[in-house]
Amino acid sequence: QVQLVESGGGLVQTGGSLRLSCEFSRSVKSVDIMGWYRQAPGKQRELVATITSRPRTNYADSVKDRFTISTDNAKKSVYLQMNSLTPEDTGVYYCNAVRVTTYTNHRYLDVWGQGTLVTVSS
């Protein structure tokens with residue numbers, strides 16, 4: 001089994017910063033694409049940012065120049081640095097991994113974390 005565990009969410013004021021972390025199971029050998037998505041109350045889940053194994057990054061227009069996605073050297077974690085937060089950034093943030101391979105050669109197409117809540121007050 002592969003698990004993604006997010007942390008770092010919380011309550012912050014407008015203009016503040018938060019750093020989200022997502023740790024992968026030790027069984028994970030490689031991941032093709034890692035990303036962060038969010039779901040605001042009453043809205044559909046949307047892409048925030050992704051990073052590939054190259055690495056190549058992609059951001060939603062609404063977060064460009066404010067958020068930064070990164071991974072650690074061993075690529076067992078993915079991070080999202082969020083600056084200049086606004087109430088529109090409020091939502092549950094989910095970590096995602098696409099095309100995951102484990103050390104036992106099991107493959108998973110699409111894995112999600114349980115989510116971490118980010119609340120930005122005005």
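All residue numbers in this chain count up from 1 along the given sequence. The analysis underlying the following values was restricted to heavy atoms, covering all of them including side chains, and did not include hydrogens, waters or symmetry mates. No experiment lies behind these values; they were computed from the predicted model shown.
Residue Trp36 holds its CH2 atom at 7.5 Å from OG1 of Thr116, rounded to the nearest 0.5 Å. One distance of note links CD of Gln81 with CG of Leu20; it measures 9.0 Å at 0.5 Å rounding. Here CD of Glu6 is found 10.0 Å from CG of Asn96. Values are rounded to the nearest 0.5 Å. Atoms CG and OG1, on Leu11 and Thr119 in that order, are 6.0 Å from each other to the nearest 0.5 Å. Atom CZ of Arg19 is separated from atom CE of Met82 by 11.0 Å, given to the nearest 0.5 angstrom. Once rounded to the nearest 0.5 Å, the distance linking OG of Ser77 with CE of Met34 reads 9.0 Å.
Nearest heavy atoms, Val118 versus Gly9: CG2-CA, 4.2 Å. Nearest heavy-atom pair, Tyr37 versus Thr50, reported as atom, atom and distance to 0.1 Å: OH-CG2, 4.4 Å. The minimum heavy-atom distance between Lys64 and Tyr59, with the atom names listed, is CE-O, 3.5 Å. Considering all non-hydrogen atoms of both residues, Ser25 and Lys76 come closest at O-CD, 4.4 Å. Residues Val31 and Phe24 come closest through the heavy atom pair CG2-CE2, 3.3 Å. Across all non-hydrogen atoms, the minimal contact from Leu4 to Ala97 is CD1-N, 3.9 Å.
Cluster membership for Val111 and Ile69, using ILVMFWY side-chain heavy atoms within less than 4.5 angstrom, is shared. Hydrophobic clustering keeps Leu47 apart from Ile51 (ILVMFWY residues linked when any side-chain heavy atoms are closer than 4.5 Å, directly or through intermediates). No continuous path of ILVMFWY side-chain contacts below 4.5 Å connects Val78 to Val5, so the two sit in separate hydrophobic clusters. A single hydrophobic cluster is not seen to contain both Tyr79 and Leu117; linkage of ILVMFWY side chains at heavy-atom distances under 4.5 Å, directly or through other members, places them apart.
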Subject >> Test log, rule side-chain contact (heavy atoms from CB on, under 4.5 Å), inputs Tyr108 and Thr102 >> reply: CA-CA 9 Å; Tyr108 301 83; Thr102 68; 3.8 Å; yes
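Below 30°, between 30° and 60°, or above 60°: for Phe67 and Tyr93 the angle between ring planes is between 30° and 60°, a tilted geometry.
Under the salt bridge (charged side-chain N to carboxylate O under 4.0 Å, His left out) criterion, Glu88 pairs with no residue, sequence neighbours left out. Taking Val12 as the reference, Leu18, Leu85, Val120 meet the side chain to side chain contact (heavy atoms under 4.5 Å, CB included) condition, with sequence neighbours excluded. In this structure Ser84 satisfies the side chain to side chain contact (heavy atoms under 4.5 Å, CB included) test together with Arg66, sequence neighbours excluded.
For Asp110, the CG atom counts as densely surrounded, since its 6.0 Å shell holds more than 12 non-hydrogen atoms of other residues, nucleotides or ligands. Few gaps surround CD on Gln39; more than 12 heavy atoms of other groups in view lie less than 6.0 Å from it.
Checking side-chain atoms of Thr52 against main-chain N and O of Ile33 turns up no donor-acceptor pair under 3.5 Å.
Of the candidates Arg56, Arg107, Arg99, Arg54, Asp32 forms a salt bridge (charged side-chain N to carboxylate O under 4.0 Å, His left out) with just one, namely Arg99.
Between Glu46 and Arg38, at least one side-chain N (NZ, or NE/NH1/NH2) sits under 4.0 Å from a carboxylate O, which counts as a salt bridge.
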